[in-house]
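Right, one structure below, let's go through it.
The figures that follow rest on heavy atoms only: side chains count, while hydrogens, waters and symmetry mates do not.
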Amino acid sequence: FAPNGAAVLNHAGSTKLSTTSWGAQVTGNLVPTGIIDFSDSSGTSNNRIAFGNDDDFQIWNDGSNSYLKNGANGGAIYLQAYGENSVKCNPQAAVQIYYSGNEKLSTISTGATCFGNFYNQGDNPAIQMFATNQAPAAFIGRSNRTSSGESIAVLRGDWGANPVGQIHIVSATDTTNKDNGAIHLETAASLGGGLVKRLSVLQDGKVGINSTSPAYELDVAGDLKAGQSSSQGVILTSPNGTKFRVTVSNAGALSVSSV
């Protein structure tokens, strides 16, 4: 014991504990068998666990919340399990979440990026997007394709493990500029039958029903029903712009009237 100075504890001639003007200093390992208890921290200089020469990394509770903090010279904060990164917090940059050492989710300035699949599960799962300005809430599927008819994006419904319907967006004919596309509406008729294109909208606006290569604005491979009564039918436009309705009688006779 030094008068008005340090109290020192030695082991085998080596100092292990000494008091200082700011507290106590331990040289070596500290192995408690109980709880190390800190009061609520009310400021940067009390009731905190600090690491590093400049006390950059700190752990504390303020009575309401618990905190991990890295100072200006502390760099990133890593949470690891078995030597692999689980979470990495970068100063004034991304927060990264890992699985088996591989990055799966990372925050960016405009939101977050997911590397892999995103699963949403629950009693009433939903993905909701809310636009706070004039821009629409958008789901964008982006793929770099080289040929016509290749998949770009799919919105699909599975009945159990079986795909039963989907909206399928594919690349179209301009493989140089990659600026046109087509949309297919597909359904499955039976188990094992696979998804079949039922309605196709091509890059030029032509629509095919049971036809994937429509030659006309509406190209139907099958029967077409129009009208529910004698006053309903098919409306045709003449070269001068006049419109005519074609109807059929109970005897099968066609009649034409201007609209």
### Task
Begin from the C-alpha positions of Asp40 and Asp62 and carry the test side-chain contact (heavy atoms from CB on, under 4.5 Å) through to its verdict.
CA-CA 5 Å; Asp40 296 339; Asp62 64 2; 5.6 Å; no
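- His11 places none of its side-chain heavy atoms less than 4.5 Å from the side chain of Leu9.
- Checked by atom type and distance alone, the side chain of Asp158 never pairs as donor or acceptor with a backbone atom of Ala161 at under 3.5 Å.
- Other residues, nucleotides and ligands contribute more than 12 heavy atoms inside 6.0 Å of the CZ atom of Phe51.
- Heavy-atom contacts from other residues, nucleotides or ligands closer than 6.0 Å to CG of Asn29 number 12 or fewer.
- Between the side chain of Ser41 and the backbone N or O of Asn46 there is at least one donor-acceptor pair closer than 3.5 Å.
- Under the rule for a salt bridge (charged side-chain N to carboxylate O under 4.0 Å, His left out), the partners of Asp204 that lie at least two apart in sequence or sit in another chain are Lys206.
- Around the NZ atom of Lys178, the shell of radius 6.0 Å holds more than 12 heavy atoms that belong to other residues, nucleotides or ligands.
- Two residues are said to be in side-chain contact when any heavy atoms from C-beta on lie closer than 4.5 Å; Ile167 and Leu185 meet this criterion.
- A heavy-atom distance below 4.5 Å is not found between the side chains of Phe130 and Gln128.
- The aromatic rings of His168 and His184 sit perpendicular to each other, their planes meeting at more than 60°, with 30° as the lower class boundary.
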### Ser106 and Thr113: CA distance, side-chain angles, deciding distance, side-chain hydrogen bond (donor to acceptor under 3.5 Å, both in side chains) verdict
CA-CA 5 Å; Ser106 178; Thr113 299; over 6 Å; no
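- When every heavy atom of Asn210 is checked against every heavy atom of Ala221, the shortest pair comes out as O-CB, 3.4 Å.
- Side chain of Asp219 to main chain of Gly208: no donor-acceptor pair is present (N/O by atom type, distance under 3.5 Å, no hydrogens or angles).
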### Query
Going through the distances and angles, do Asp223 and Lys225 end up as a salt bridge (charged side-chain N to carboxylate O under 4.0 Å, His left out)?
CA-CA 7 Å; Asp223 294 330; Lys225 179 181 180 295; over 6 Å; no
### Message
Before you tell me yes or no, could you show the steps for Tyr67 and Arg48 under side-chain contact (heavy atoms from CB on, under 4.5 Å), namely the whole-Å CA-CA distance, both residues' side-chain angles and the distance that decides it to 0.1 Å?
### Response
CA-CA 10 Å; Tyr67 296 87; Arg48 299 185 178 191; over 6 Å; no
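- Put simply, the side chain of Asn70 gets close to the backbone of Gly75: a donor and an acceptor are under 3.5 Å apart.
- One N or O on the side chain of Ser148 and one on the backbone of Ala172 form a donor-acceptor pair closer than 3.5 Å.
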### Message
Using the rule given for side-chain contact (heavy atoms from CB on, under 4.5 Å), can you reason through Gln25 versus Thr15, listing the C-alpha separation, both sets of side-chain angles and the distance that settles it, and then say yes or no?
### Response
CA-CA 10 Å; Gln25 180 171 317; Thr15 299; over 6 Å; no
